[in-house]
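All remarks here apply to the structure that follows.
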Amino acid sequence: LLVLYVTCFGLYLLFSRQPDFFDGERTPAIIHFAKDSTGKEKPFAVFSLGKTAQRVDASYLFRSYQEGEKVQVIYETSHS
């Protein structure tokens, strides 16, 4: 029963995310620290789509970043 649960949960994690891990577009990004709307300094992934610079919150539980670290961003093309 535990094996079935772990398998189903793993599939749920892979296929229920937006953008989808498998068919989302990937682009390189660089981590920069900036203050959010509450005044706390947080990591943001900064990347370019065409001529437009995009910035997304990159703060995740159990994950730490360094200023200037290179990361991959997965995004959905229908929202760009």
F44 versus V56: any side-chain heavy-atom pair under 4.5 Å?
no
Would a single hydrophobic cluster contain both V6 and V3, if residues Ile, Leu, Val, Met, Phe, Trp and Tyr are joined by side-chain heavy-atom contacts under 4.5 Å?
no
Donor-acceptor pair, distance only, cut-off 3.5 Å: does the side chain of Q54 make one with the backbone of L49?
no
Find the distance between NZ (K42) and CG (D57) and round it off to the nearest 0.5 Å.
3.5 Å
In the single-linkage hydrophobic clustering (I, L, V, M, F, W, Y; side-chain heavy atoms under 4.5 Å), do F9 and L2 co-cluster?
yes
So how far is it from I31 CD1 to K70 NZ, rounded to the nearest 0.5 Å?
12.5 Å
If you take all heavy atoms of V73 and A45, which pair is closest and at what distance?
CG2-CB, 3.9 Å
Quick one: OH on Y75 to CZ on F47, what's the gap to the nearest 0.5 Å?
7.5 Å
On a heavy-atom basis, which atom in A58 and which in Y65 lie closest, and how many Å separate them?
O-CE1, 2.8 Å
So how far is it from R55 CZ to H32 NE2, rounded to the nearest 0.5 Å?
10.5 Å
So for atom CD, which belongs to Q66, do other residues, nucleotides or ligands contribute more than 12 heavy atoms lying within a distance under 6.0 Å?
no
Could you tell me the separation between the OH atom of Y5 and the OH atom of Y12, rounded to the nearest 0.5 Å?
10.5 Å
Should I74 and L13 be counted in the same cluster of Ile, Leu, Val, Met, Phe, Trp and Tyr side chains packed under 4.5 Å apart?
no
What distance do S59 atom OG and K40 atom NZ have between them, rounded to the nearest 0.5 Å?
9.5 Å
